[in-house]
Amino acid sequence: MLATEPAAMQSATLSSLRRDASESLRRGDRDAAIKAADAMVADYGDNVQAMVEAGDVYLRSGKPDQAVVQFDRFIEKVPTQMPYLWQRGIALYFVGKYQAAAEQFAKHRAVNPHDVENAAWHFVCVAKADSPEKARQMLLPAPGDGREPMNEVLEMLSSGNTKSVRDRINWVVKRAPESGAAEDAKFYGELYLGLYADALGDRDEAIERMKAASADAPRHYMGDVGRVYADLLSERMKSAK
């Protein structure tokens, strides 16, 4: 995607750094992943693919401020790609730029109109920038997301009914307790219950739910985002005391 390596050797080296970062994230070694991202920036700073790759690694490793820098550099180079860069919205949210984050998610809906996750992140951004009531008024439509328990998550954002999300998680787990579907339902359900609690300003509930989501979260993009979110909520709780 949009790579601009001038030679095969450069491409192979960037691929090696990408592989190092990916393997480090799978091990949960954030320091090693950040080191690989730093090398991408240092050695391939003008390569647009490296900008996105490094931004992703920084975000997943708990460095959202550095992620924003790389994502913004990418957009400056390739502005037509902005609607696709949903991960920039998460990074902006984590650094407290709520209005800019909401705008990113609103733009993303144009290219991904059925994603409840996008609607949820937009919701929490508007809630923080304005109020939960405003977030409900501005809730992005996201019809047809077939993942569990996304229909219930979308309804929760509108009505405040958290019970329906919990009931759906339990239904999926009871139906196939050892399945990947059950693991996904538990992770995504807890993640967005936590996000919703954060949107309402219920920090204790948000931390509890986010920790539940991240405890056994898979080592994939959103699993890492959940762990970073849990860490940030805990840090904010400590600083508020």
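Numbers here simply count residues along the sequence, with the first being 1.
- Between Tyr98 and Tyr93, the two ring planes are tilted [angle within 30° to 60°].
- For the pair Val165 and Pro149, the tightest heavy-atom approach, listed with the atom from each and the gap, is CG1-CG, 4.1 Å.
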_Worked check of side-chain contact (heavy atoms from CB on, under 4.5 Å) between Arg73 and Asp46_ = CA-CA 9 Å; Arg73 292 182 66 229; Asp46 292 329; 3.9 Å; yes
*Do Glu117 and Tyr192 pass the side chain to side chain donor-acceptor pair (under 3.5 Å) test, and can you show the C-alpha distance, the side-chain angles, and the key distance before you say yes or no?*
CA-CA 8 Å; Glu117 291 188 85; Tyr192 289 109; 2.5 Å; yes
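- With rounding to the nearest 0.5 Å, the separation of NZ in Lys107 from CD in Glu103 is 5.5 Å.
- For the pair Lys128 (side chain) and Asp198 (backbone), a donor-acceptor distance under 3.5 Å is present.
- Here the side chains of Phe123 and Leu140 are not in contact, with every heavy-atom distance at 4.5 Å or above.
- Counting heavy atoms from C-beta outward, Ile75 and Gln81 have side chains that stay 4.5 Å or more apart.
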_Leu195 vs Tyr229, side-chain contact (heavy atoms from CB on, under 4.5 Å): CA-CA, chis, key distance, verdict_ = CA-CA 9 Å; Leu195 180 147; Tyr229 204 156; 4.1 Å; yes
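- You'll find the side chain of Val124 reaches within 4.5 Å of the side chain of Trp121, heavy atoms only.
- A salt bridge links Asp115 to Arg147: at least one charged side-chain nitrogen sits closer than 4.0 Å to a carboxylate oxygen.
- Salt-bridge formation is not detected for the pair Asp38/Lys63: no Lys NZ or Arg NE/NH1/NH2 atom is positioned less than 4.0 Å from an Asp or Glu carboxylate oxygen.
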*Run the numbers on Phe71 and Asp56 for side-chain contact (heavy atoms from CB on, under 4.5 Å), then give the verdict.*
CA-CA 9 Å; Phe71 293 146; Asp56 285 341; 3.5 Å; yes
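- Under a hydrophobic-cluster definition in which Ile, Leu, Val, Met, Phe, Trp and Tyr are linked whenever side-chain heavy atoms come within less than 4.5 Å, directly or via other members, Leu59 and Val48 are assigned to the same cluster.
- Panel note: side chain Asp29, backbone Ser24; no donor-acceptor pair is recorded below 3.5 Å.
- A distance-only check finds no donor-acceptor pair linking the side chain of Arg168 to the backbone of Val153 [under 3.5 Å].
- Closest approach of Leu92 to Ala101, counting heavy atoms only: CB-CB, 3.7 Å.
- Side-chain atoms of Ser22 never come within 3.5 Å of backbone atoms of Arg18 as a donor-acceptor pair (strictly under, hydrogens ignored).
- For the residue pair Ala67 and Gly55, the shortest heavy atom distance occurs at CB-O, 3.3 Å.
- In this structure, OG1 on Thr13 lies 3.5 Å from OH on Tyr44, to the nearest 0.5 angstrom.
- The closest donor-acceptor contact from the side chain of Asp145 to the backbone of Val116 lies under 3.5 Å.
- Closest heavy-atom contact between Gly62 and Val228: N-CG2, 3.6 Å.
- Looking at Met237 and Asp204, their side chains come closer than 4.5 Å, going by heavy atoms from C-beta outward.
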*Would you sort out whether Asp231 and Arg30 count as a side-chain contact (heavy atoms from CB on, under 4.5 Å), showing the intermediate values?*
CA-CA 13 Å; Asp231 291 344; Arg30 289 182 178 178; 3.0 Å; yes
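- Gln66 places none of its side-chain heavy atoms less than 4.5 Å from the side chain of Ser61.
- Between the side chain of Ser158 and the backbone N or O of Glu155 there is no donor-acceptor pair closer than 3.5 Å.
- Criterion: ILVMFWY side-chain heavy atoms under 4.5 Å apart, direct or through other members. Under it, Val69 and Phe74 are not part of a common hydrophobic cluster.
- Under a hydrophobic clustering in which Ile, Leu, Val, Met, Phe, Trp and Tyr are joined whenever their side-chain heavy atoms come within less than 4.5 Å, directly or via other members, Phe187 and Ile207 fall into the same cluster.
- Although no hydrogens or angles enter the test, the distance criterion places a donor-acceptor pair under 3.5 Å between the side chain of Gln104 and the main chain of Leu85.
- We find the CE-CD distance between Met210 and Glu205 to be 10.5 Å, quoted to the nearest 0.5 Å.
- In this structure, Glu178 CD and Glu183 CD are separated by 8.0 Å, a value rounded to the nearest 0.5 Å.
- You'll find the side chain of Arg227 reaches within 4.5 Å of the side chain of Arg219, heavy atoms only.
- Scanning all heavy atoms of the two residues, the minimum distance from Val111 to Pro113 falls at C-CD, 3.7 Å.
- Cluster membership for Met138 and Phe105, using ILVMFWY side-chain heavy atoms within less than 4.5 angstrom, is not shared.
- Heavy-atom minimum distance, Ala129 versus Gln99: CB-OE1, 4.1 Å.
- Atom CD1 of Ile34 and atom CG of Leu25 lie 9.0 Å apart (nearest 0.5 Å).
- Side-chain contact check for Tyr221 versus Ile90: every heavy-atom pair is 4.5 Å or farther apart.
- Side-chain contact check for Met82 versus Arg88: some heavy-atom pair is nearer than 4.5 Å.
- Atom NZ of Lys238 and atom CG of Leu233 lie 12.0 Å apart (nearest 0.5 Å).
- Remark: the backbone N or O of Ala142 is not paired with any side-chain donor or acceptor of His114 at under 3.5 angstrom.
- Between the side chain of Arg209 and the backbone N or O of Tyr196 there is no donor-acceptor pair closer than 3.5 Å.
- Both Leu232 and Leu193 are assigned to one and the same hydrophobic cluster, defined by single-linkage of ILVMFWY side chains at heavy-atom distances under 4.5 Å.
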